[in-house]
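Throughout, a chain's letter reflects where its sequence line sits, starting with A, and its residues are numbered from 1.
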There are 2 protein chains.
Amino acid sequence: MTTRADGRGLAGFAALLADPTRAGFCLTLLDGRAWTAGELARSAGVAASTASDHLTRLVRGGLLVEQRQGRHRYVRLADPAVAQLVEDLAGRAPTPATPPRTLRAASAGAALAYARTCYDHLAGRLGVLLYDALLARGVLDLAGGLALTPAGTSWLADLGVPVEPLRAARRPLVRDCLDWTERRPHLAGALGAALCTRLLDLGWTERGTGRSVRLTRAGRPALAEALALDPSALAPPPRDGGPARA
Amino acid sequence: MTTRADGRGLAGFAALLADPTRAGFCLTLLDGRAWTAGELARSAGVAASTASDHLTRLVRGGLLVEQRQGRHRYVRLADPAVAQLVEDLAGRAPTPATPPRTLRAASAGAALAYARTCYDHLAGRLGVLLYDALLARGVLDLAGGLALTPAGTSWLADLGVPVEPLRAARRPLVRDCLDWTERRPHLAGALGAALCTRLLDLGWTERGTGRSVRLTRAGRPALAEALALDPSALAPPPRDGGPARA
DNA sequence: CGGACCGTTCGGCGCCGGCCGAAACGTGCC
DNA sequence: GGCACGTTTCGGCCGGCGCCGAACGGTCCG
């Protein structure tokens, strides 16, 4: 008899994500923020007791970490690697094919498709655009795997993103992450996170509801100049409430 | 009400790996080869009918692809990305802590720990050693993410591994993959696969039973020279059948 | 101290999913 | 054609898991 592959460990771990409610929690937490147990329960539409049980399992399984404050229990994804894992899995999973039912949901979907956070970095059309522009400007290079160029380091310094501290992290500096909506890569890794934070700090972008992100009035020309792009290339989606296209 | 994260797609996909038998199948198939339904059933210790059902699901879910030949049904992992996913998940899963029961199993474990295939590239002590040596020789570079250096390209050409064709693939050229046994990275990606194949072609390594790989008599000095290492650094584990240490 | 609120524990219900054996189906071989 | 063998389909059994509501324990606030 040959060596038997014991699938129990893997199966037990995968089982954590094999429940729609728990999976939904993880997807919700992909926004990178900490949520309370009650918020997650309401957002998923289950009883508080049910959510409590699920969270306990996810924490014990190492997918989530918790932080108790007073009578609140905050949870968030344990680390970027978990976020990456959830993204990878979700990206492979067949989309449940749930077309938006209401106008409100449709416009929220459009906002998310334009720009959103993917755990701690930027995704959506804007994320992909940024990725492409960084390659075009020679900040990143694809030959032999995605890498930051020397010229890129100084470009980032000009923008106010010091690269050296990021190298110290155990996390990969640059990484590509397949975008769900665009089906093309955007920038992840420590640099992707730092860049996303910096854009928010500069006021070029700001958080909307949920995971959505907006390019601000001031941010649009500023980002276009930094990337040597025409501002029209960064055009946001048609206004919410405008003429519906279908 | 905010946008609800629908976890059904993700959950359904994760459920494929959430069963010990199915997970075991995937781990077994990590050797990169195609197995018949019956072989997998025996190896997992379940009835043929049970295995058949599981395989159908895994294929429908896109994790496996099948190839029917006469009265046999061959299955293998759908693509390298799936293998990567399984590796990532298995790497995070808590080890079931199953100490080897028999001497035979223990020695098989030692052989696997020394060198094995991880889907289509080299893993184990030898895999990690190779990874380190490639970094030390400047074939690979870690600054700004793992990348192949220009010097590395010619080093590979000398070894008989043309890099250009690999760049054309949609698969990342280089990628690090966390080694289960060593808990340190080894080389994956298109280059990791090509290098593994080349070593086998050169006769420097050869396949053992299951996923295990051996460094051949001729391969040891040859590989040591190519990597500018002392041959003793590539020493295999103590012989099977030798004095047991416990 | 009493009330509002957040979270957890407990018991119980219902369903889904994994397992098997028996029988049917197809293929290859004699 | 007849037989052997790999695989699939079909019932049926059983255990586990997700769900809820009710009761309980903390925490914050007035």
Side-chain angles (χ1 to χ4, degrees), chain A residues 4-29 33-61 63-76 96, chain B residues 4-29 33-61 63-76 96:
Chain A
R4 257 182 215 184
D6 187 346
R8 282 174 297 174
L10 172 54
F13 187 73
L16 291 173
L17 290 169
D19 172 78
T21 304
R22 283 195 297 267
F25 284 179
C26 292
L27 290 178
T28 300
L29 290 167
R33 291 188 274 203
W35 291 55
T36 69
E39 285 169 343
L40 285 171
R42 277 188 299 277
S43 125
V46 295
S49 56
T50 303
S52 173
D53 190 25
H54 285 315
L55 290 180
T56 303
R57 291 195 198 201
L58 289 170
V59 169
R60 293 178 76 89
L63 282 171
L64 268 44
V65 288
E66 69 184 9
Q67 195 174 345
R68 311 229 175 196
Q69 267 180 30
R71 52 182 171 182
H72 291 282
R73 178 197 205 178
Y74 286 94
V75 292
R76 55 186 168 79
Chain B
R4 255 181 216 184
D6 186 345
R8 283 175 297 173
L10 172 53
F13 187 72
L16 291 173
L17 291 169
D19 172 79
T21 303
R22 283 195 297 267
F25 284 179
C26 291
L27 290 178
T28 300
L29 290 168
R33 291 189 273 203
W35 291 54
T36 69
E39 285 169 343
L40 285 171
R42 277 188 298 278
S43 125
V46 295
S49 57
T50 303
S52 173
D53 190 25
H54 285 315
L55 291 180
T56 302
R57 291 195 198 203
L58 290 169
V59 169
R60 294 178 77 90
L63 281 172
L64 266 44
V65 289
E66 68 184 10
Q67 194 174 348
R68 310 230 174 195
Q69 268 180 29
R71 51 185 170 180
H72 292 281
R73 179 197 206 178
Y74 285 95
V75 292
R76 56 186 168 77

Along DNA chain D (nearest heavy atom to each residue), the more 5'-positioned of A/S49 and A/G70 =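 Looking at the nearest nucleotide for each, A/S49 comes out on the 5' side.
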
Within this structure, what is the [atom1]-to-[atom2] distance between [X] and [N], rounded to whole angstrom?
X     : N      : atom1 : atom2 : result
A/R68 : D/dG25 : CZ    : P     : 17 Å
A/R71 : D/dC29 : CZ    : C1'   : 8 Å
A/D19 : D/dC20 : CG    : P     : 11 Å

Hey, which of these two, B/V46 or A/E66, hits DNA chain C nearer its 5' end, going by closest nucleotide?
->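 It is A/E66 whose nearest nucleotide is closer to the 5' end.
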
Check the pair B/R73, B/L40 against side-chain contact (heavy atoms from CB on, under 4.5 Å), reporting the backbone distance first and the verdict last.
-> CA-CA 11 Å; B/R73 179 197 206 178; B/L40 285 171; over 6 Å; no

Of B/T36, B/L55, B/L63, which meets side chain to side chain contact (heavy atoms under 4.5 Å, CB included) against B/V75?
->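 So, applying the side chain to side chain contact (heavy atoms under 4.5 Å, CB included) to B/V75 and each of B/T36, B/L55, B/L63, only B/L55 qualifies.
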
Should B/L17 and B/R22 count as side-chain neighbours, where that means a heavy-atom distance under 4.5 Å?
-> no

One should read off an interatomic distance between B/R33 CZ and B/Y74 OH, to the nearest 0.5 angstrom, of 12.5 Å

Any chance you could measure A/L16, atom CG, to A/F25, atom CZ, to the nearest 0.5 Å?
-> 13.0 Å

How would you give the extent of chain B contacts on DNA chain C, as first and last nucleotide 5' to 3' within a 4.0 Å heavy-atom cut-off?
-> C/dG18 to C/dG28

Please assess A/L64 against A/H54 for the test side-chain contact (heavy atoms from CB on, under 4.5 Å), listing each intermediate value before the final yes or no.
-> CA-CA 11 Å; A/L64 268 44; A/H54 285 315; over 6 Å; no

Members of residues 52-59 of chain A that approach DNA chain D, where some heavy atom sits under 4.0 Å away =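 Those residues whose heavy atoms fall under 4.0 Å from DNA chain D, taken from residues 52-59 of chain A in numerical order, are A/H54, A/R57.
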
Do the side-chain N or O atoms of B/R73 get closer than 4.0 angstrom to the phosphate oxygens (OP1, OP2) of D/dT8?
->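 For D/dT8, OP1/OP2 do have a side-chain N/O of B/R73 under 4.0 Å.
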
Minimum heavy-atom distance between A/P20 and B/A11, given as atom pair plus value =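 That closest heavy-atom pairing would be N-CB, 3.4 Å.
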
Which part of the nucleic acid, if any, lies within contact of B/A47, taking any heavy atom under 4.0 Å across all strands shown: a base, the sugar-phosphate backbone alone, or nothing?
->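 Sugar-phosphate contact only.
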
Quick one: does A/S52's side chain have a donor or acceptor within less than 3.5 Å of a partner on A/A48's backbone?
-> no

